Amino acid sequence: MTLSATAPVLVRLDRVTMHYGRGSTAIQAIDTVTLDIKKGEVIAVVGPSGCGKSSLMKLISGLHPASSGSVMVEDKPVKGPLKSVGMAFQASNLLPWRSVTDNVLLPMEIVQPHRSLIRRQRSKYKANAEALLAQVGLKGFTEKFPWQLSGGMQQRASICRALVHEPDILMLDEPFGALDAFTREELWCTLRDIQQARGVTVMLVTHDLREAVFLADTVYVMSNRPGKIVKVQTVDLPRPRDIEVTYTQPFQDLVHELRRYIGGQH
Amino acid sequence: MHMKNAAITVVAPTVFTVALFVLWEFACWLLALPQTVLPAPTAIWAAFRQFQNPIIENSLYTLWNTLAGFAIATAFGLLLGIAVGWHRAIYAAVYPVLIGFNSVPKVAVVPVLILWFGVGAVPAIITAFLISFFPIVVNVATGLATTEPELEDVLRALGASKLDIMRKVGIPRSLPYFFGSLKVAVTLAFVGAVVSETVGANRGIGFLMLSAQANFQVPLVFAGLMALAVEGIVLYAITAAIEMRFTGWAFRGQNR
Ligand SMILES: Nc1ncnc2c1ncn2[C@@H]1O[C@H](COP(=O)(O)OP(=O)(O)OP(=O)(O)O)[C@@H](O)[C@H]1O
Ligand SMILES: [Mg+2]
């Protein structure tokens, strides 16, 4: 499935700035960012450390307000937490006292209407979560505790937790940053497949340009703090992409092109 | 593997304790220490046999006071700990008072309590409570405060309320801290009850020891001390067992 050119816009940022704190000690994290994310699109945000990538995520998910400009999701201004966002981070943050399945079910105990339903229909929900875990290759580990899993497996479970309530947007903040290169590529494919199957909109923050180009439809490069978008790169490599594509010339050229924008010389 | 574990957890402490008593017995015998200075374990055992009933009776009385004070401390400490962990403002508001309060030696408070409530169980229970709630508060608050901010973001992005986050994450993750503090608190409560009884009481193991001391019955004083030690170990072991039962996941990787 390739993203259709006519897909509706899901997220629209218009000249958004954002600060932490107030007054003279305020730190500006985001500087006049304008971007659109289409429904079903995968965007990747890359940039130097501390440039405001995580801040951009917080902004879009409604966890932190903008200081100026407008943040719209589904044509409605974002005023507070969106409730339809799934998030995963570099650390899997699974709860050690819950089994993998129960960890994945955590969002269901929070968001409506599942929150009211899950108590009565636990077994049905459980079956759904197990099916999701099977999709990412965790069949047979559902009753294990997180600390009995490898780092890569924990990260798969963490992504399932972010997806279980079928969010409109999946936000991934360096989700594979702590993994070795082979596991990382494996998880790229897992993410690619699950995104394709569900058509979920993804915002991926990463330090890895190859990861960004492999997974994204559009790559945004941010400058040093306060984060400004210095480059928008459309990736029109055909989908579905195989790992082999990363060794091709067009792919390498894209990575090369992006690399030029990182390092603060712009 | 299992045999080795048993050797460590059962044989080692037994051997150590027995050796300690044997050494003590020999020291008393070799140095010919008078009973009024340091009675030998055999003399203490004899005193215990002779005064078995009053010792057990008074021990149980002290135990009851300890448990009553400890129960109040647990409930109060848990609630205050959650309140302190709930919001930075509550933390800022109560911490100085709490620390000041904890720094006051509780022996100094007992006369006031006796003045207010008279000689009896109440001052002992209150002292046990006062001395033991602090570690519970601190530990519960710490457990709540160390919730990973990213996990909080995950839940907040789903529209979770502060109460949701507390219930699903904060409180479960502070349970190991809570149960860990109970082990400390229960022994402190015991100390509190005995201290209160030695300042002013008409029953209890502290009172018994004080009376024995007044009559120069030093072996009986030591028998009382031994009774205290045994009860302390039992209380600790019970809370440790409860801790293991409820928060076994926090001990992952140690034995599995
Ligand atoms: N809670 C906060 N309070 C104050 N300043 C913050 C806060 N969070 C981030 N900042 C600041 O905002 C800037 C952007 O931070 P952000 O976390 O968005 O960077 P990032 O691009 O995600 O970095 P990294 O790649 O290292 O994760 C940083 O300079 C940081 O110091
Ligand atoms: Mg970040």
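Just so it is clear: chains get the letters A, B, ... in the order the sequence lines come, proteins before strands, and each one is counted from 1. Quick caveat: nothing in here was measured; it's all calculated off a predicted structure.
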Please classify the contact between [X] and chain B as side chain, backbone, both or neither, with a heavy-atom cut-off of under 4.5 Å.
X: A:Leu94; value: neither
X: A:Leu63; value: both
X: A:Ser54; value: neither

What is the minimum heavy-atom distance between [X] and [Y], and which atoms define it?
X: A:Leu95; Y: B:Lys168; result: CD1-O, 3.9 Å
X: A:Met87; Y: B:Ala157; result: SD-CB, 3.8 Å
X: B:Gly159; Y: A:Lys83; result: CA-CG, 3.7 Å

As an exercise, state the distance from [atom1] of [X] to [atom2] of [Y], rounded to the nearest 0.5 Å.
X: B:Leu155; Y: A:Asn93; atom1: CG; atom2: CG; answer: 9.5 Å
X: B:Ile165; Y: A:Ile110; atom1: CD1; atom2: CD1; answer: 7.5 Å
X: B:Leu158; Y: A:Leu82; atom1: CG; atom2: CG; answer: 10.5 Å

So which residue, A:Lys58, A:Arg115, A:Gln112, ends up with the most heavy-atom pairs under 4.5 Å with chain B?
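Heavy-atom pair counts peak at A:Arg115.
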Give me each pair satisfying salt bridge (charged side-chain N to carboxylate O under 4.0 Å, His left out) with a member in residues 121-133 of chain A, each pair once, sequence neighbours excluded.
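Listed once each, the pairs are A:Asp102-A:Arg122, A:Glu109-A:Arg122, A:Lys126-A:Glu143.
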Please tabulate, for the side chains in residues 94-103 of chain B, all donor-acceptor contacts under 3.5 angstrom to protein atoms that are two or more places apart in sequence or on a different chain.
from     : atom 1 : to      : atom 2 : distance (Å)
B:Ser103 : OG     : B:Ile99 : O      : 2.7

Would the number of heavy atoms belonging to other residues, nucleotides or ligands and lying under 6.0 Å from [atom1] of [X] be above 12?
X: A:Arg184; atom1: CZ; value: yes
X: A:Phe141; atom1: CZ; value: no
X: B:Trp64; atom1: CH2; value: no

Does any part of the side chain of B:Asp153, heavy atoms only, come nearer than 4.5 Å to the side chain of A:Phe89, both counted from C-beta?
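Answer yes - side chains close enough.
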With a 4.5 angstrom heavy-atom cut-off, is it the side chain or the backbone of B:Glu148 that approaches chain A, or both, or neither?
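Interface part for B:Glu148: side chain.
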